[in-house]
Amino acid sequence: MLTATEQREVVELAREFAKEKIEPFAAEWDRTSHFPREVIDELGKLGFLGMTTPEEYDGMGLDTVTYLLALEEISAADAAIAVSIGIHNAIPTTMLVRHGTPAQKERWLRPMARGELLAGFALSEAEAGSDAASLRAQATRDGKEWVLNGAKAWATNAGTADLMMIMVRTDQPNARRGPKGISTFVVPTDTKGYKAAKPEDKMGLRASNTAGIELNDVRLPADHMLGDEGMGFVYAMEGLDAGRLGIGAQAVGIARRALEHSISYCAERKQFGKAIQDFQAVQFKLADMATRIEAARALSHRVAGRKDAGEDVTMFTSMVKLFASETAMWVTTQAIQLFGGYGYMRDFPVEKLFRDAKVTEIYEGTSEIQRVVIARALRHS
Ligand code: CAA
């Protein structure tokens, strides 16, 4: 657990970096869909690719609240950068910390935490989105090796990562075992047969790299399997429990920036002879925006505390993702309304925030899937 001073230092470092090295360039990266790997590398050197990694593996070993606060700062500058480092910190890192062998931790976790390797996660397929357990990419044992074939979809960092955690079936077509037939492999992206497709041309988060993956006879030694055979779906769900909290912080960062821009704009913009911030309709909108953001942040920090206390937080992380992402969408919609015609123009910052907010309701499980997870946990028997 960090002291309050240490926490403030980490968050200030993230805020200053975001203000100087990310925010001034974010609109250009968005326009050109440019993934600035050098910025990710700089963040890595400062420790931000090892935020959740224990110090014994060269990570910062941050408590979850500090991690979320740092991610919020990066996201307020550009959510595309936040998702690239958020996935790395939340999913592949969690998987290796929990299930990696000592050798796997030395080989991958330690350099990931030092920012020398960027990682991603590939679960979804064209026909397996919300129903993730129906995935079909296949690994077949061949002597001491596994051979992977199939295709993955919409994987963050797929074309820019150094290694990907990939979920594939290890049960055979004549003996399918549903979620129990899925395993996780650590796949260095320079392995023969791994091919990332052209990056997707997305509505928002345009600077993040999102791509499909082709796996054509990707041969891996057996020690590239993570944990136990058949446990990959459970590992993916555990990773998503951590990932969904990160998406919550990302959504809060987007919403906060939209509010900040709105407050400044409403002070400057004059209509009917006075600043529009003097109209009660505008004041009430700003008040509602600020209240919802505060509630989303408070919920996520409360759940972060429960996670660090070792509680089962699956249902709660879904609540965070659901509430924060719908807050970001609502707040950015209000921001565009406050900016009026200007809000609809690319020259002003809020339309990017609106586009970036939308995917937080979709990836790492749609809002509908979060409601399924919550409802299942609440159900009596
Ligand atoms: N932690 C640990 N284990 C878990 C778990 C969790 N959070 N959730 C489920 N499991 C276990 C279950 O206990 C069960 O094991 P047992 O049978 O031994 O009890 C096993 O996993 C199967 O669980 P379910 O029966 O609940 O599985 P399901 O097929 O009904 O699926 C689901 C449940 C919640 C709908 C799940 O499929 C899901 O979350 N879907 C959404 C997928 C998703 O978020 N995809 C996003 C991909 S990542 C991405 O967006 C790309 C990117 O790079 C950003």
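For clarity, every value in this text was computed on a predicted model and none was experimentally measured. Atoms within each ligand, like the ligands themselves, are counted from 1 in listed order.
Ligand 1 lies under 4.0 Å from heavy atoms of I87, F121, S124, G129, S130, A132, A133, W154, T156, P179, K180, F233, V234, M237, E238, L240, D241, R244, T314, Y363, E364, G365, I369, V373, R376.
Between Y342 and F348, the angle of the ring planes lies from 30° to 60°, which puts this pair in the tilted group.
With hydrogens and angles ignored, the 3.5 Å screen pairs no side-chain donor or acceptor of R256 with any backbone N or O of V252.
Looking at K358 and T332, their side chains never bring a donor and an acceptor atom within 3.5 Å of each other.
Ring to ring, Y363 and W154 are not that close: their centroids are 6.0 angstrom or more apart.
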For the pair R169 and E125, evaluate salt bridge (Lys or Arg N to Asp or Glu O under 4.0 Å) and give the outcome as yes or no after the intermediate values. CA-CA 12 Å; R169 305 213 73 85; E125 298 181 359; over 6 Å; no
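Salt bridge annotation for E294-R297: present, with a cationic side-chain nitrogen under 4.0 angstrom from a carboxylate oxygen.
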